[in-house]
Amino acid sequence: MKFHQSDSHKNDAIYVSEAVGCVLLCAMLLFLLTAAFFGQEPSVSVQTLIFKIGGKFLVFVLPALWGVWMLRRSGISFPREFGRNSLHKDQTVILSSFGLIVIIQMLYTAVFPAVKTTANIALAETPAQIFLLFLSVSLIPAVAEEVLFRGFLMRSLGLFRRSLAVLMSALTFALMHFSVTGFPLFFACGLILAMSYLSTGSLSVSVGVHFLCNAFWFLAETVETYLPQYAADVMRGAFVVCVLLCVSGIPFLKENMRVFFEDEDEPSFPSSQFWTLPTVLFVLTAAAIQIWFQ
């Protein structure tokens, strides 16, 4: 995929960066409010899970829609069209990216087990609870987070700087997980998700990768909870499968790197120009919060 290059003046680039920063600040504030509302005690009641699903859209989708509205109101053309690729390429990118992320997660959580998140599947007692729990930790976060970090942030900054769009989406994705120990892991995962989106131009691809990763760990926890005697074998088998999936994506690796590093059609603005006050404020505040409450 190649992002559309805007003919806007540098003031447009500054405005886009300010809009992105305001959207991220809004998302962070909504995240903290919802976290305070639900508290830290795990709960899988149907009502709580429904509220959490709604909270995901409130935190990630609503600010993204606000950001799109701000850009269009200012006259900045928000990109609509994306690359058209073969189904085979999209599927290969999804599966190989999924395999790479899961391998990284396995290795990282083996060293830092505290980073591994749990869905609390053991607390679920009814099929409705299990289904809603699956939605709340697998599908809904994948859709909502990708809408914000790739659908809005990457598209907006990609109007001016492709590489900056990738790095900023990965950085903000990691910061919004509020984990000092897990920051390197989430940043690496954010980079892979961003590259999968950049190389295909399809938001459904990054959503698919994100969803498969979430669903895998939900399944792994389910096996560990109900069939603990098979958990180790399942993880070993999954590791082998993920290695094979990564190998299948090697033909696209060179193309992905080329898309990332290739020069834009027109001279781009310096990266320093995009570090406006709202963006800097978000980064510093998010970093301070997770360090303080670590």
Side-chain angles (χ1 to χ4, degrees), residues 1 23-24 27-28 30-31 34-35 38 44 49-65 67-68 82 87 90-106 108-109 115-121 130-155 165-166 169-179 182 185-222 238 242 245 249:
M1 169 191 173
V23 165
L24 292 172
M28 181 175 62
L30 291 173
F31 177 89
T34 55
F38 291 115
V44 295
L49 292 174
I50 291 175
F51 277 121
K52 285 185 177 181
I53 290 173
K56 288 293 183 181
F57 284 100
L58 176 67
V59 171
F60 297 103
V61 178
L62 188 61
L65 294 176
V68 173
F82 305 98
L87 181 61
D90 286 352
Q91 290 176 339
T92 302
V93 172
I94 289 175
L95 294 176
S96 59
S97 300
F98 158 72
L100 180 57
I101 289 178
V102 170
I103 288 175
I104 293 173
Q105 289 174 328
M106 285 183 177
Y108 196 89
T109 54
V115 175
K116 185 178 179 181
T117 58
T118 59
N120 297 307
I121 187 79
I130 295 176
F131 176 71
L132 289 175
L133 189 60
F134 176 77
L135 290 181
S136 66
V137 301
S138 298
L139 179 60
I140 303 304
V143 174
E145 292 176 15
E146 292 307 306
V147 165
L148 176 62
F149 296 111
R150 257 60 68 177
F152 171 70
L153 194 151
M154 276 194 66
R155 285 196 217 176
V166 170
S169 72
L171 174 64
T172 54
F173 177 78
L175 287 172
M176 282 291 287
H177 281 79
F178 295 98
S179 172
L185 172 63
F186 295 124
F187 183 77
C189 294
L191 279 178
I192 297 171
L193 289 167
M195 291 300 295
S196 69
Y197 175 63
L198 182 68
S199 63
T200 61
S202 173
L203 187 62
S204 62
V205 168
S206 62
V207 170
V209 175
H210 200 151
F211 166 69
L212 286 178
C213 293
N214 291 346
F216 169 80
W217 289 107
F218 184 88
L219 176 62
E221 184 178 342
T222 303
C242 287
L245 291 177

Exercise for the section: Walk me through it: do Q105 and K116 pass the test side chain to side chain contact (heavy atoms under 4.5 Å, CB included)? Expected result: CA-CA 8 Å; Q105 289 174 328; K116 185 178 179 181; over 6 Å; no
Exercise for the section: Just do the side chain to side chain contact (heavy atoms under 4.5 Å, CB included) check on I192 and I104 with the steps written out, would you? Expected result: CA-CA 11 Å; I192 297 171; I104 293 173; 3.6 Å; yes
Practice task
Applying side chain to side chain contact (heavy atoms under 4.5 Å, CB included), run through L193 and E145 and close with a yes or a no.
Solution key: CA-CA 11 Å; L193 289 167; E145 292 176 15; over 6 Å; no
Problem - Worked verdict on F149 versus H210 for ring pair (Phe, Tyr, Trp, His ring centres under 6.0 Å) - result: CA-CA 12 Å; F149 296 111; H210 200 151; 8.8 Å; no
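Atom OG1 of T200 is separated from atom CE of M195 by 10.5 Å, given to the nearest 0.5 angstrom. The line from CZ of F60 to CD1 of I140 is 12.5 Å long, rounded to the nearest 0.5 Å. For the atom pair CD1 (I130) and CG (L49), the distance works out to 11.0 Å, reported to the nearest 0.5 Å.
The two residues F173 and G190 come nearest to each other via the heavy atoms CD2-CA, 3.7 Å. Shortest non-hydrogen contact noted between V205 and S196 is CG1-O, 3.9 Å. Of all heavy-atom pairs spanning V209 and V93, the tightest one is CG2-O, 4.3 Å. Here the shortest heavy-atom pairing between Y197 and S206 reads CB-CB, 4.1 Å. Among all heavy-atom pairs drawn from L30 and P63, the shortest one is CD1-CG, 3.9 Å. The shortest non-hydrogen separation linking C189 to I101 is SG-CG2, 3.7 Å.
The closest donor-acceptor contact from the side chain of S169 to the backbone of V166 lies under 3.5 Å. Judged by distance alone, with hydrogens and angles left aside, the side-chain atoms of S138 form no donor-acceptor pair with the main-chain N or O of L135 at under 3.5 Å.
Two residues are said to be in side-chain contact when any heavy atoms from C-beta on lie closer than 4.5 Å; F31 and H177 fail this criterion. The shortest distance between side-chain heavy atoms of L148 and V23 falls below 4.5 Å. Taking the side chain as every heavy atom from C-beta outward, L191 and F187 approach each other to under 4.5 Å. Residues V137 and N120 form no side-chain contact, since every pair of their non-hydrogen atoms from C-beta on lies 4.5 Å or further apart.
Scanning for salt bridge (charged side-chain N to carboxylate O under 4.0 Å, His left out) contacts around E146 gives R150, with sequence neighbours left out. For Y108, the ring-ring contact (aromatic ring centres under 6.0 Å, His included) partners at least two apart in sequence or on another chain are F112. Here L219 pairs with V223 under the side chain to side chain contact (heavy atoms under 4.5 Å, CB included) rule; sequence neighbours left out. Every residue meeting the side chain to side chain contact (heavy atoms under 4.5 Å, CB included) condition with I50, not counting sequence neighbours, appears here in chain and number order: V46, L132. Every residue was checked against the ring-ring contact (aromatic ring centres under 6.0 Å, His included) condition with F152, not counting sequence neighbours, and none meets it. Shown here are the side chain to side chain donor-acceptor pair (under 3.5 Å) partners of E221, two or more places apart in sequence or in another chain: there are none.
Of the candidates L95, I103, V102, L245 forms a side chain to side chain contact (heavy atoms under 4.5 Å, CB included) with just one, namely L95.
Using the six-membered ring where Trp is involved, F134 and F218 have ring planes that are perpendicular, over 60° apart on the 30 and 60° scheme.
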